[in-house]
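What follows is a short report on a single structure.
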Amino acid sequence: MPDRPNRSSLLDGLNPVQQEAVVHIEGPLLVVAGAGSGKTRVLTHRIAHLIEEGVSPFEILAITFTNKAAQEMRERVGALIGPVAEKMWVSTFHSACVRILRRDAHRLGFPSSFTIYDQADAQRLTGYVVRDLNLDAKRFPPRSVHAMISAAKNDDLGPEVYAERAQVIFERKVADVYREYQARLLKAGAMDFDDLLRNTVELFRTEPEVLEHYRRRFRHVLVDEYQDTNRVQNEFVLQLTSGHHNVCVVGDSDQSIYRFRGADIRNILEFEEAFPDATVIVLEQNYRSTQTILDAANSVIANNLGRKPKELWTDEGDGQAIIRYHADDEGDEAQWVAHEIAKLHDSGDHRWGDIAVFYRTNAQSRVVEEHLLRGGIPYKVIGGTRFYDRREIKDALAYVKAVVNPADEVAVKRVLNSPKRGIGESTVARLDSWSAAHGYTFMQALRRSDEAGVTGRAIKGIEAFLVLIDGAAEKVEDGPGPLLECLLDRSGYLAELQEEHTVEGEGRLENLAELVGSAREVESVLDFLEQVGLVADADQVPDDDSQVIQCFRSSFRPAELPEIRLTPPLLRPDNHI
């Protein structure tokens, strides 16, 4: 355990502006942090300083955008102040909201063990609703409809308000889907990612004593990447801090690129309107790039509208000139990329993990990967199919969800006939109609399948499924590892993959073994489901230096990458700018 820090040691190595942000204690603070200006260092030292000044770690809430970033912040604060840092809430918005909802979701009609739907689950439920409302799935694609519902939630619009604002028939139909979608979530005891945020805000609005509890609990709230918050996230912060105003937000309007995900840049631009007594500190010294790169960036960013002015600078020197390569086609481009990566690595000055390849569209991935493979260059794609999005993993998790929360119709329907049990779509449709007519959940309808008119092989398949689920329920107390093994074995899922005798089947078995292994590291089934449900794309970024990181533009923010030394590429001399 490190010695208890003092004010002087906490300020060592910080420039004067960073020190000013660290020692600010009372009242709202906006830190406009340019790229590479050391904002994480400022945040961690600020937290340590608050604790040194007598603020209890229990009274601090620090919010980041990924689990990986939260863990890094917790570790860095721990290095400054010791194990007491573990008592803080350092988490993503979603994780913080889950902790709050686990305690008080019953006030909104949800069980404390509510299921968390990821994007795929949410779209699947949307598809069920579109079908059950007799809408044309071609005119109302579940993916597109759910995107509209998600956007409404990010703008803090409930189904009724959304319906009131609908102006054309298409929007009115989407409003119908939205209303039924929410009703089905409540019936299933489930929330999607957007609900985690909006339901927490709604809880605070309707239950003043709950809000007051957390206002007293968190005397200091710190939020990173504030330019990427949406309206609901902003409201969450305002609610928590409206009494004491001890809120510190860090961000940069020039780095806001997530409007398509609901981010509202007005949150940071209008922070001073929400908190007129706010102190504003601008971090302009860059520790990552050369002045040549910063001059180019400043020139481009100066054209942004509605920005807070700042001028990034560094004492690292001018550095090499910025160079552009004009490729003839995608093949030429990919070949050049692979060649330059190999050259950087072979020079001995760079590890594979020091290098990243960014591209704007998924379609560009294939040709780049081909040339990396030809060159024998190891790489990892970030933004492709996530581990927890793979079919076998989602099937395994759906089995667990069906045991823990039998009301979860998406989970139950996903594995009802996987492996095959002779339960077809017509049987599922019959059960859907019967359950809707009688006010039962889908699982309850399964237990009354004979009353619903199900006959033949499907009845036996349903009986086998119910025996499996009921038997596995006895394993819940043993933890997620034993429960998963029981379900995968008794269901016949593992046996079916083993009988395939294919490379793909072997890969799926390996993935399931990895899932069971990770499940054994968690004691509670509910904690395990919550942990895998809140994994972000950026948490896939490898921690070692053995692979080139190949990234989809829309998969995550550059700030979520591990430490990468950004060096000017070795381009053709005639392309210097």
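Counting from 1, the numbers follow the sequence of the chain as shown.
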Quiz item: So does Lys173 have more than 12 non-hydrogen atoms from other groups sitting under 6.0 Å from NZ?
Solution: no

Exercise. Ignoring hydrogens and angles, state whether a donor on the side chain of Gln182 or Lys153 is under 3.5 Å from an acceptor on the partner side chain.
Key: yes

Quiz prompt | Side-chain touch Tyr493/Glu392, heavy atoms, less than 4.5 angstrom | solution = yes

Quiz item: Can you tell if the side chain of Leu526 reaches within under 4.5 Å of the side chain of Val404, non-hydrogen atoms only?
Solution: yes

Quiz prompt | Arg231 side, atom CZ; Leu238 side, atom CG - distance, nearest 0.5 Å | solution = 11.5 Å

Practice problem: Could you please spell out the steps behind the side chain to side chain donor-acceptor pair (under 3.5 Å) verdict for Tyr162 and Asp155? | Solution: CA-CA 10 Å; Tyr162 184 85; Asp155 281 338; over 6 Å; no

Practice problem: Cation-pi check, Lys413 to Tyr128: give yes when NZ or CZ is under 6.0 Å from the six-membered ring centre and within 45° of the ring axis, no otherwise. | Solution: yes

Quiz item: Taking Glu514 for the side chain and Glu510 for the main chain, is one N or O donor matched with an acceptor at less than 3.5 Å?
Solution: no

Quiz item: Counting only heavy atoms not in Arg107, do more than 12 sit closer than 6.0 Å to its CZ atom?
Solution: yes

Quiz item: So which of Thr427, Thr455, Val454 actually passes side-chain contact (heavy atoms from CB on, under 4.5 Å) with Ser449?
Solution: Val454

Quiz item: When you check the gap from the basic side-chain N to the acidic O, do Glu485 and Lys475 get nearer than 4.0 Å?
Solution: no

Quiz item: Is there a side-chain contact between Leu483 and Leu487 (heavy atoms, below 4.5 Å)?
Solution: yes

Quiz prompt | Nearest atoms (heavy-atom pairs only) where Val210 meets Asp104 | solution = CG1-OD2, 3.7 Å

Exercise. Locate the shortest heavy-atom distance separating Val130 from Ala137; write the atom from each residue and the value.
Key: CG1-CA, 4.2 Å

Exercise. Go through the steps for Phe271 and Asn234 under the test side-chain contact (heavy atoms from CB on, under 4.5 Å), then give the verdict.
Key: CA-CA 10 Å; Phe271 182 82; Asn234 184 61; 5.9 Å; no

Quiz item: Ignoring hydrogens and geometry, is there a side-chain-to-backbone donor-acceptor pair from Arg448 to Gln444 under 3.5 Å?
Solution: yes

Exercise. In sequence, state the C-alpha distance, the side-chain angles, and the governing distance for Val221 and Tyr214, and then conclude on side-chain contact (heavy atoms from CB on, under 4.5 Å).
Key: CA-CA 11 Å; Val221 177; Tyr214 285 104; over 6 Å; no

Practice problem: For the residue pair Phe236 and Phe93, categorise the inter-ring angle as parallel (less than 30°), tilted (30 to 60°) or perpendicular (more than 60°). | Solution: perpendicular

Self-check item: Carboxylate-amine/guanidinium contact Glu202 Arg205, below 4.0 Å
Solution: yes

Quiz item: Could you give the distance from CZ (Phe114) to CG (Leu108), rounded to the nearest 0.5 Å?
Solution: 10.0 Å

Quiz prompt | Donor-acceptor contact below 3.5 Å, side chain Ser95 vs main chain Ser91 | solution = no

Quiz prompt | Inter-residue atom distance Leu397.CG - Tyr388.OH, 0.5 Å rounding | solution = 7.5 Å

Exercise. To the nearest 0.5 Å, tell me how far Glu530 CD sits from Arg99 CZ.
Key: 8.5 Å

Self-check item: Closest non-hydrogen atom pair between Gln123 and Pro142, with its separation
Solution: O-CB, 3.7 Å

Practice problem: Kindly determine whether Leu197 and Asn230 satisfy side-chain contact (heavy atoms from CB on, under 4.5 Å), including the steps that lead there. | Solution: CA-CA 10 Å; Leu197 302 172; Asn230 60 37; 4.2 Å; yes

Quiz prompt | Whether Tyr440 and His438 hold their rings parallel, tilted or perpendicular, with breakpoints at 30° and 60° | solution = parallel

Quiz prompt | N/O donor-acceptor pair under 3.5 Å between Arg102 side chain and Ser112 backbone | solution = yes

Exercise. Side-chain contact test, heavy atoms from C-beta onward, threshold under 4.5 Å: evaluate it for Trp89 versus Ile100 and give yes or no.
Key: yes

Quiz item: Charged N to carboxylate O below 4.0 Å: is that the case for Lys138 and Asp136?
Solution: no

Quiz item: Are Arg179 and Asp176 within salt-bridge range, i.e. N to O under 4.0 Å?
Solution: yes

Exercise. Verify side-chain contact (heavy atoms from CB on, under 4.5 Å) between Leu125 and Tyr117, making sure each step is shown before the conclusion.
Key: CA-CA 9 Å; Leu125 179 60; Tyr117 279 8; 3.9 Å; yes

Quiz prompt | Expected output: side-chain Ser150 to main-chain His146 donor-acceptor under 3.5 Å | solution = no

Quiz prompt | Flag, side chain of Gln239 to backbone of Val201, donor-acceptor distance under 3.5 Å | solution = yes

Quiz prompt | Beyond-backbone contact of Glu409 with Met443, side-chain heavy atoms, under 4.5 angstrom | solution = no

Quiz item: Can you tell me if Tyr181 and Asp192 form a side-chain donor-acceptor pair at under 3.5 Å?
Solution: yes

Practice problem: Return yes if some donor-acceptor pair links the side-chain N/O of Ser433 with the main-chain N/O of Ala429 below 3.5 Å, else return no. | Solution: yes

Quiz item: Within the distance-only criterion (no hydrogens, no angle test), does the side chain of Asn417 pair as donor or acceptor with the backbone N or O of Ile423 below 3.5 angstrom?
Solution: yes

Quiz prompt | Cationic tip of Arg131 above Phe140 ring, under 6.0 Å, 45° of axis | solution = no

Quiz item: In Å and rounded to the nearest 0.5 Å, what is the OG to CD1 distance from Ser253 to Ile265?
Solution: 5.0 Å

Quiz item: What distance separates His94 NE2 from Ile63 CD1, expressed to the nearest 0.5 Å?
Solution: 11.0 Å

Quiz prompt | Arg421 side-chain N/O to Leu416 backbone N/O, donor-acceptor pair under 3.5 Å | solution = yes

Quiz prompt | Arg447 and Asp470, any side-chain heavy atoms less than 4.5 Å apart | solution = yes

Quiz item: At their closest point, which heavy atom of Arg430 faces which heavy atom of Ala452, and how far apart are they?
Solution: CD-O, 3.2 Å

Practice problem: Evaluate the side-chain proximity of Phe465 to Val412: yes if any heavy-atom separation is below 4.5 Å, no if none is. | Solution: yes

Exercise. Specify the closest pair of heavy atoms between Asp389 and Lys394, including all atoms of both residues, with the distance to one decimal.
Key: O-CD, 3.7 Å

Quiz item: Do the charged groups of Glu504 and Arg508 touch, with an N to O distance under 4.0 Å?
Solution: yes

Practice problem: Grab the two heavy atoms, one from Ala411 and one from Lys401, that are nearest each other, plus how far apart they are. | Solution: CB-CB, 3.8 Å

Quiz item: Heavy atoms, side chains only, cut-off 4.5 Å: are His501 and Glu506 in contact?
Solution: no

Quiz item: Does Glu180 come within less than 4.0 Å of Arg184, counting only side-chain N to carboxylate O?
Solution: yes

Quiz item: Are the side chain of Asn303 and the backbone of Val300 linked by a donor-acceptor contact shorter than 3.5 Å?
Solution: yes

Quiz item: In this structure, are over 12 heavy atoms from other groups packed under 6.0 Å from Arg165 atom CZ?
Solution: no

Quiz item: Do other residues, nucleotides or ligands put more than 12 heavy atoms under 6.0 Å from Glu523 CD?
Solution: no

Exercise. Using distance alone, with no hydrogens and no angle criterion, decide if Asn267 and Tyr226 have a side-chain donor and acceptor under 3.5 Å apart.
Key: no

Self-check item: Side-chain donor-acceptor pair present, Asn405, Thr115, cut-off under 3.5 Å
Solution: yes

Exercise. Report yes or no: do Gln227 and Glu225 form a side-chain donor-acceptor pair below 3.5 Å?
Key: yes

